[in-house]
Participant: 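Questions regarding the structure given below will be posed in turn.
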Amino acid sequence: MSWTTPAAHSERFSLYRDPHPARVASFAEDVRTGLGLRPYTLSPRYFYDDLGSALFDAITRLPEYYLTRVERDLLATYSSLIVSTFGEPLELVELGSGSATKTRVIIEAILARQERLTFYPIDISPGALIESSRALLGAHDALTVSAYASDYFTLLRARRLTTRDRVLALYLGSNVGNFEPAVARELFALLGDTLHAGDGLLVGYDLKKDASVLELAYNDPTGVTSAFNKNLLARINRELGGTFDLGAFSFAAKYDAQAGAIRSYLRAERDMTVDVPGANVSAAFVAGDTIHTESSYKFAAAEMLGLVGAGGFAERATYTDAAGRYALSLFIRQ
Ligand code: AVI
């Protein structure tokens, strides 16, 4: 275990870094594995380098991508009610906290009723944790941040997360939708092992709906989502010496109604061979071949309960917008 503290607010900030980050498969290994599969497959976890994170931020501002906006409105409306479900003092955990902007409203709701709060953000990126913590600590004198830089599966499996009081855990942004359901179930089982009876889990997720609405959210006419996906190829070129011609690929996202998932693909527009020396792999493409880049699962509230239930949680309440596009479900560990 190693700890570092930024100069400002050091007395209210600690950072745990995963001592074995190499155990998580490296970019090169994953690219090599994915380009050995048919259809070719690249993991969405590699979308988020600096440029990819900026492009994702742009996606969240697109009129067609309603998810972030609706979740923010739901949090603004229901945070106080959600927090009032629990006794005091309450501590806050967030999985995949990123910039933690959506967390602010919950932090404020908690600090409106108790004097001090400890926030445990978990994120793979130490840089994002330090930056977001600095902003939160600057805004709230009553806040202490105990940050964990780790893959959350690794952290939970190692039982490294240590909290003290009643906990509300947040898993927002429809991030659960980027896992295959079996993996999501495993995550909730791990979370259930870490949390205690009476602790809460708030999950934000996109609801099943008309394919045309979903497909527009991912095939935005501005082309930002296409650029976000193509940045994965650009990243392979930059970091692994790849020879992807970005202009030779087109982007498409299609709703698979049976699975309840948007499937995102990059499609080769001509025959070509791409070399990736840094991953020690070459991939031959025939026009029409695809690279699967991401699945974004959509759920009914009952389906989410089916997944979260694997961790021993029961549903307390589900909040949705008037149009029924997006949900926040609050679960309690039994
Ligand atoms: C982060 N995640 C929930 C987004 C989603 O909707 O699956 C990523 C994304 N991909 C394309 N647009 C947004």
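One-based numbering, in listed order, for ligands and for the atoms of each.
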Participant: Filter on ring pair (Phe, Tyr, Trp, His ring centres under 6.0 Å), then keep only pairs touching residues 229-256, sequence neighbours left out; what's left?
Facilitator: F244-F249, F249-F285

Participant: Distance-only, no hydrogens or angles: does the T41 side chain make a donor-acceptor pair with backbone N or O of P39 under 3.5 Å?
Facilitator: yes

Participant: Write out the protein residues near ligand 1, meaning a non-hydrogen atom under 4.0 Å from one of its atoms, in order of chain and number.
Facilitator: Y48, F56, I59, Y65, G173, S174, N175, N178, Y218, T225, F228, E294, S296

Participant: The criterion is side-chain hydrogen bond (donor to acceptor under 3.5 Å, both in side chains); which residues satisfy it with T33, sequence neighbours excluded?
Facilitator: none

Participant: When you check the gap from the basic side-chain N to the acidic O, do D256 and R263 get nearer than 4.0 Å?
Facilitator: yes

Participant: Please assess Y48 against F228 for the test ring-ring contact (aromatic ring centres under 6.0 Å, His included), listing each intermediate value before the final yes or no.
Facilitator: CA-CA 9 Å; Y48 303 93; F228 175 65; 5.7 Å; yes

Participant: Mind jotting down which residue pairs meet the side chain to side chain donor-acceptor pair (under 3.5 Å) criterion with at least one end in residues 72-90? Sequence neighbours excluded, please.
Facilitator: none

